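Since this is a predicted model, take the numbers as computed values, not measurements. In this chain, numbering begins with 1 at the start of the sequence shown.
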Amino acid sequence: MVKSKLLTLLSLNTLKNGHYQILAGPMLILLILSMMVLPLPAFILDLFFTFNIALSIIILIVALFTKRVLDFAAFPTVLLFATLLRLSLNVASTRVVLLKGHTGSNAAGRVIEAFGHFLVGGNFAIGIVVFIILVIINFMVITKGAGRIAEVGARFALDGMPGKQMAIDADLNAGLIGEDEAKARRAEVTQEADFYGSMDGASKFVRGDAIAGLLIMAITIVGGLLVGVMQHGMDLSDASKTYVLLTIGDGLVAQIPSLIISTAAGVIVTRVSSHDNISEQMLKQLFNNPQVLILTAVVIGLLGLIPGMPNVVFLLFTALLSLIAWWLTKQQKTQQKISTKTTDVQATTPANIEATWSDVNIEDILAMEVGYGLIPMVDQTQNGELLGRIRSLRKKFAQSLGFLPPQVHIRDNLSLAPYQYKIFIKGGEIGKGEIINNKWLAINPGNVAEIIDGLPTTEPAFGLPAVWIDESNKENAQILGYTVVDTSTMIATHFNHLLQQFASDLLGRLETQELLERIKQEVPKLVEDFIPGVVTLTTFHKILQNLIAEKVSIRDMRTIIETICEHAPTQNDAYQLLSMVRIALGRVITQQWFPGSDPINVIGLNVNLERLLLQTLQNTSNFEPGLAEHIVQQIQEAIHQQDAIGAPPVLLVNHALRPMLSQFLRPNFPQLIVLSNLEIVDNREIKMTVQIGEG
């Protein structure tokens, strides 16, 4: 009892809040089902038949005024309800015709009587012919054509979805649109494909309705004759006249709204999306060229001069078309004069058309090209995860290094292999790879002894040996010690590795300016008059870029700016300021490579080599060829020894030597970190595991 009262209160509250629209669908279905089962009086049938005609006209007018197919996205469902309504009315009217047809021509209501007498003049033969013609027009012409267009439209909409999604993602990555607009566009693309698919199926309702109309008419005529002759004792001629006319009226009442709605369906699926509705499109495109109207008027006029032709009618249309052509010509001349007054005179020949700045294409800072086989991986509608992973990597990059990298412009490239990808920075290729579809990549981290069955390859990020395997072999590979990843993870890992490796190239002057604006929001006094009062933007950008190149995070921007402000009055060289900043960031640098409080295991320099390098620095700043080759060889061996003991590849040198050695060794050993002895905090114990220069 309490539960029923609660449900009643909730229902009333829903209606009070204006949600009564949700009852429209269930009420209409119940009404349609009740008409099929319950007998209806003639007056109620008149109301429903009139409502059916009005509904079909409303649907047609709405279809004519839509500017895009999605403006009337509910049309397939409306078509279903309208078809069910007509069929239920056919059932209800057939019941009334068979029960009360013997009482007179108005037994099934005034609407059926009017259609049976007024439209066909009371002649049932003419009525049958008209009814069959309407069914043929509806079934063979309009419905069949609209169904075919919907089928082709659905196919092209589905085929074009990946390309449209790629364009949306490209605009989003380029910053041309926001996340909300991108979601709205993706939803619109999906809805358009769903609409044409639904229309393809909904057209079958109209075709079935036409067939059902013919069958119902035949069954009603036969049933009416049997009921009139056998039950009510009527003559065959009287029964034929009464029941056939009633049946014809009933069929026409149903087929005319059906024809109107089929026309609306054809209008919906044949229109092209534009800013104009279908009426405006037709008027603009049919009656926009006065030359066409003049030629038509000439042809009609010549036909009107032929003896025996309806001369008055033909000449009347000739005059009308000529008048419209004259009016259009006058309008175009007026518009041309206005346009000439408001615009500059342009060159009329292609040779005089000058190039403009709009012809210049700006290269993307960070871009990725994919083959057509990889499009689903960057398409969210197909559950592609790569795009989301790249966004997560950009966010992680920003949180780690302290600046936001540029957005990634992803585009398809048909010249690539289907499952190949390339990554670019400022138009230059920095990495590429290729996957095998529906395979997993089993990476050998270096300690796997048993070889697994599969296609051998090389992992693109770190150059490790790997094998392409089937998903069924994934668990076995993990047991053997392989690191197994899917294709999207492989590409994301490769992308992240390149992002870290070329991070300094991604920090431009624009990003530096954006970074300063971000700091200004937090600590405005710190950056007040910093640029150009203390240093120029070029110097500041060079300092940050060198920090990033040497894998030092610039998140502690307060310390960086304060250190520059402290030393800039006496030192304006960017590299000297960089050394001061690195010393100030010593605690962060130490913790980055040696977390915790354990002793620090580093590569060091022999005392004699260090003295020799200091002399070289004071004299020429250039290494002797033999000495350089010796250092490179020993550094390579030292890195292997550091890897063997699980220590980072860090070379600890005298503060004065750090810039020179870092610049010299970085091209050959990008993984090597060169630290100054002044950058290590005092409370950490230092152990020199390898010495360069011995032997």
Side-chain angles (χ1 to χ4, degrees), residues 397 400-401 430-431 443-447 458-465 483 493-494 496-505 545-554 578-579 581-583 585-607 609-610 613 623 627-681 684-695:
F397 180 96
S400 173
L401 289 183
I430 61 172
I443 304 170
N444 185 351
N447 55 357
T458 300
E459 191 272 333
F462 304 100
L464 297 174
T483 301
T493 303
H494 190 193
N496 182 53
H497 176 71
L498 294 173
L499 208 63
Q500 300 289 336
Q501 185 177 350
F502 295 91
S504 60
D505 294 334
Q545 200 171 38
N546 277 278
L547 288 171
I548 295 296
E550 296 182 342
K551 299 180 175 61
V552 178
S553 172
I554 59 174
L578 173 65
S579 297
V581 170
R582 288 183 62 94
I583 294 173
L585 295 174
R587 181 178 292 103
V588 175
I589 295 174
T590 303
Q591 286 295 322
Q592 177 181 354
W593 298 108
F594 304 100
S597 58
D598 295 333
I600 295 174
N601 296 317
V602 297
I603 306 169
L605 295 179
N606 181 268
V607 176
L609 178 60
E610 185 175 284
L613 291 176
F623 289 99
L627 178 61
E629 184 178 351
H630 181 67
I631 292 175
V632 168
Q633 182 180 357
Q634 290 200 352
I635 286 290
Q636 188 170 6
E637 295 174 356
I639 291 176
H640 289 313
Q641 293 185 37
Q642 290 290 96
D643 289 340
I645 64 174
V650 174
L651 173 64
L652 188 63
V653 299
N654 184 282
H655 179 68
L657 294 175
R658 199 212 68 81
M660 180 183 68
L661 287 173
S662 176
Q663 186 176 4
F664 168 65
L665 294 172
R666 193 189 309 160
N668 295 317
F669 306 100
Q671 75 275 31
L672 181 67
I673 307 300
V674 183
L675 297 185
S676 161
N677 57 340
L678 298 181
E679 297 168 3
I680 303 296
V681 292
R684 299 295 295 274
E685 179 184 353
I686 300 175
K687 287 186 177 182
M688 202 167 294
T689 57
V690 186
Q691 276 198 357
I692 306 298
E694 290 184 342

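At least one donor-acceptor pair closer than 3.5 Å links the side chain of Q545 to the backbone N or O of S504.
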_Step-by-step side-chain contact (heavy atoms from CB on, under 4.5 Å) determination, N496 to F397_ = CA-CA 8 Å; N496 182 53; F397 180 96; 5.6 Å; no

_Verdict with supporting geometry, T493 and H497, side-chain contact (heavy atoms from CB on, under 4.5 Å)_ = CA-CA 6 Å; T493 303; H497 176 71; 5.6 Å; no

*Worked verdict on L661 versus L613 for side-chain contact (heavy atoms from CB on, under 4.5 Å)*: CA-CA 9 Å; L661 287 173; L613 291 176; 4.2 Å; yes

*Evaluate side-chain contact (heavy atoms from CB on, under 4.5 Å) for L609 paired with I631, printing each intermediate quantity in order.*
CA-CA 10 Å; L609 178 60; I631 292 175; 4.3 Å; yes

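The CZ atom of R658 sits 6.0 Å away from atom OG of S579, with the distance rounded to the nearest 0.5 Å. Separation of atoms CD (Q634) and CD1 (I639) is listed at 12.5 Å; rounding is to 0.5 Å. Between Q633 atom CD and I692 atom CD1 the span is 10.5 Å, to the nearest 0.5 Å. In this structure, CD in Q500 is found 9.0 Å from CD1 in I548, a value given to the nearest 0.5 Å. Rounding to the nearest 0.5 angstrom, the gap separating the CZ atom in R666 from the CD1 atom in I673 is 9.0 Å. Here the NZ-CD1 distance, from K687 to I645, works out to 10.0 Å after rounding to the nearest 0.5 Å.
When all heavy atoms of Q642 and V650 are compared, the pair lying nearest together is NE2-N, 4.4 Å. In plain terms, the two heavy atoms of S662 and E550 that are nearest each other are OG-OE2, 2.8 Å. Across every non-hydrogen atom of V632 and F664, the tightest pair is CG2-CZ, 3.9 Å.
Applying side-chain contact (heavy atoms from CB on, under 4.5 Å) to I554 and the options L401, L547, V581 leaves one that passes, L547. Across I603, V674, V602, a single residue satisfies side-chain contact (heavy atoms from CB on, under 4.5 Å) together with V653, and that is V674.
Side chains of E459 and N444 form no contact here, defined as non-hydrogen atoms less than 4.5 Å apart. Counting heavy atoms from C-beta on, the side chains of D505 and I430 never come closer than 4.5 Å. Annotation: side chain of I583 is in contact with side chain of H655 (closest heavy-atom distance under 4.5 Å).
In this structure, E610 has no salt bridge (charged side-chain N to carboxylate O under 4.0 Å, His left out) partners at least two apart in sequence or on a different chain.
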Just list the side-chain donor-acceptor pairs under 3.5 Å for residues 586-600, sequence neighbours left out, or say none.
| from | atom 1 | to | atom 2 | distance (Å) |
| --- | --- | --- | --- | --- |
| T590 | OG1 | G586 | O | 2.8 |
| T590 | OG1 | E679 | O | 3.1 |
| Q592 | NE2 | K551 | O | 2.7 |

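Between the side chains of T689 and Q641, not a single donor N or O lies within less than 3.5 Å of an accepting N or O.
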